[in-house]
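I have placed the structure first, in the form of structure tokens, so that the comments after it can refer back to it.
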Amino acid sequence: MRRLRNRLAGALLSVLALSLTATGCGGSSEAAPGGGESTSSPARASVANRVEPLARRPEPRLPVTVPSADGERVTVRAAERIVPLSGSLSEIVFTLGLGDRVVARDVTATFEQAAKLPVVTRGHDVSAESVLSLKPDLVLAETTSGPEEAVDQIRAAGVPVLFVEAAKGLDDVGPRIEAVADALGVPAAGKELTRRSERRIEAVRGDVPHGEEPRVAFLYLRGSASVYLIGGKDSGAGSLIEAAGAVDAGAASGLDKDFTAITSEALVKAAPDAILVMSKGLESVGGVDGLVKIPGVAQTPAGMDRRIVSVEDGVLLNYGPRTDQVLKSVVAQLYGEDGAK
């Protein structure tokens, strides 16, 4: 079942949503009070808190019938009132130039243009009643969206629900953009945005320093919920780490699961030269000073050098139109803006 396959992803999204609710929805580019920015990194290239819509606003041509990632085919007859169930999908709709049609947001939609929209979902916790109260004519969902009962209730009310495959890496940027654009009846805009996004990502990759290949561990931290995880083979961060010219330390150390509870043994084996975290997660453990107190962190090269890379929660693993900015921020923090560590 879809829900079973995505149980961990849903749990992580729920924890993230709770954290964003508790600390504010805006993605922060500020260092944590307790030294939340690496002492060895320059002022980092932060990700803009706004999306950049295409220059020409497309006009949807509907109806269309498109494949949904849950195996169904969905007919979209109107797209005047759109409810995306994730921040990533909201970002795509706004960047396509159709943000004025979005009537609600998920708590992870942290960019400025969506800030005033009502929050009707919190990660994996979809409220069918809240969604239906806004009378949407299209709901966009991730394959991790749920619970299934809520999605079934929305569909039973006659609202088309399009599922888009959850992002796992850089290769998903184009397919996700085009899946949304096709459903909105603007396929040409989808192709244009895909080209723009992929071109910008490649431009950043071309500036990555060669030779060092640092080992980078992705840690998922929620201090308030006592959640301390290290990313493995399918954490979703591997593609970004590799694009930054680095090695995914968790995967390279043999961690085959998406996430594994942090232990001193796991960290020593991963031996990261740098640690990648979400900014709110870093804040939740007290910044870098608190991070190095987690058992095993201080014994890693990353902990000893306080070499920490942090990116806003609402955009780090979106793999969407702002991924080039995410990659640029990671590269700048990892190597220094002049290419030096």
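Given the structure is predicted, the values throughout are model-derived calculations rather than measurements.
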Open item on the list: Is it the case that the side chains of Ser279 and Glu283 hold a donor-acceptor pair, with the cut-off being a distance below 3.5 Å and no angle test?
Closed with: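 Checked: Glu283/Ser279 side chains show no N/O donor-acceptor pair below 3.5 Å.
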
4.5 Å side-chain heavy-atom contact, [X] and [Y]:
| X | Y | result |
| --- | --- | --- |
| Arg155 | Glu72 | yes |
| Leu140 | Leu162 | yes |
| Phe163 | Val161 | yes |
| Leu267 | Gln299 | no |
| Pro53 | Phe94 | no |
| Ser239 | Asp171 | no |
| Asp273 | Pro301 | yes |
| Thr95 | Phe111 | no |

Minimum heavy-atom separation for [X] to [Y], with atom names?
| X | Y | value |
| --- | --- | --- |
| Val159 | Leu138 | CG1-N, 4.2 Å |
| Ser86 | Thr108 | C-OG1, 4.1 Å |
| Ala270 | Ala249 | O-CB, 3.6 Å |
| Thr143 | Ala69 | CG2-CB, 3.6 Å |
| Thr110 | Gly314 | OG1-CA, 3.7 Å |
| Asp256 | Lys233 | O-CB, 3.8 Å |

Open item on the list: Checking Asp137 against Arg81 for the side-chain contact (heavy atoms from CB on, under 4.5 Å) test, could you report, in this order, the C-alpha distance in whole Å, the side-chain angles of both residues, the deciding distance, and whether it holds?
Closed with: CA-CA 5 Å; Asp137 48 33; Arg81 299 183 62 80; 4.2 Å; yes

TODO: Begin with the C-alpha distance, continue with both residues' side-chain angles, and end with the deciding distance and a verdict on side-chain contact (heavy atoms from CB on, under 4.5 Å) for Asp106 and Leu85.
DONE: CA-CA 6 Å; Asp106 178 80; Leu85 298 183; 5.8 Å; no

Task: Sidechain-backbone polar pair: Tyr228 side chain, Pro295 backbone, donor-acceptor under 3.5 Å - done: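 No.
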
Open item on the list: Is it the case that the side chain of Arg105 and the backbone of Pro84 share a donor-acceptor pair, with hydrogens and angles ignored and the cut-off at 3.5 Å?
Closed with: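 Checked: no pair found.
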
TODO: Could you give me the CA-CA distance, side-chain angles and deciding distance for Ile154 and Val83, then say whether side-chain contact (heavy atoms from CB on, under 4.5 Å) is met?
DONE: CA-CA 11 Å; Ile154 294 169; Val83 176; over 6 Å; no

TODO: With side chain to side chain donor-acceptor pair (under 3.5 Å) as the test, would you mind laying out the steps for Ser329 and Gln333 before giving the verdict?
DONE: CA-CA 6 Å; Ser329 177; Gln333 295 179 73; 2.9 Å; yes

Salt-bridge present ([X], [Y]; N to O < 4.0 Å):
| X | Y | value |
| --- | --- | --- |
| Arg205 | Glu202 | yes |
| Glu312 | Arg322 | no |
| Arg222 | Asp313 | yes |

Look up atom [atom1] in [X] and atom [atom2] in [Y], then write down how far apart they are to the nearest 0.5 Å.
| X | Y | atom1 | atom2 | result |
| --- | --- | --- | --- | --- |
| Asp234 | Lys257 | CG | NZ | 12.5 Å |
| Leu317 | Tyr220 | CG | OH | 9.5 Å |
| Leu98 | Ile92 | CG | CD1 | 12.0 Å |
| Ile241 | Asp248 | CD1 | CG | 4.0 Å |
| Asp100 | Ile82 | CG | CD1 | 8.5 Å |
| Glu192 | Arg56 | CD | CZ | 5.5 Å |

- [ ] Using the rule that two of Ile, Leu, Val, Met, Phe, Trp, Tyr join whenever any of their side-chain heavy atoms come within less than 4.5 Å, decide whether Ile308 and Ile262 are in one cluster.
- [x] yes

Task: Connected via hydrophobic side-chain network under 4.5 Å: Val247 and Leu240 - done: no

Could you list the donor-acceptor pairs under 3.5 angstrom formed by side chains in residues 172-189, with sequence neighbours left out?
| residue | atom | partner | partner atom | Å |
| --- | --- | --- | --- | --- |
| Asp172 | OD2 | Lys168 | N | 2.6 |
| Asp172 | OD2 | Gly169 | N | 3.0 |
| Arg176 | NH1 | Glu142 | OE1 | 2.8 |
| Arg176 | NH1 | Glu165 | O | 2.6 |
| Arg176 | NH2 | Ser88 | OG | 2.7 |
| Arg176 | NH2 | Glu142 | OE2 | 3.0 |
| Glu178 | OE2 | Thr194 | OG1 | 3.3 |

TODO: Run the numbers on Glu59 and Arg101 for salt bridge (charged side-chain N to carboxylate O under 4.0 Å, His left out), then give the verdict.
DONE: CA-CA 12 Å; Glu59 188 62 37; Arg101 297 168 180 248; 3.6 Å; yes

Open item on the list: Taking atom CZ as the centre, does Arg57 end up with more than 12 heavy-atom neighbours from other residues, nucleotides or ligands that are less than 6.0 angstrom away?
Closed with: yes

Task: Worked check of side-chain contact (heavy atoms from CB on, under 4.5 Å) between Leu316 and Phe218 - done: CA-CA 11 Å; Leu316 176 59; Phe218 173 45; 3.9 Å; yes

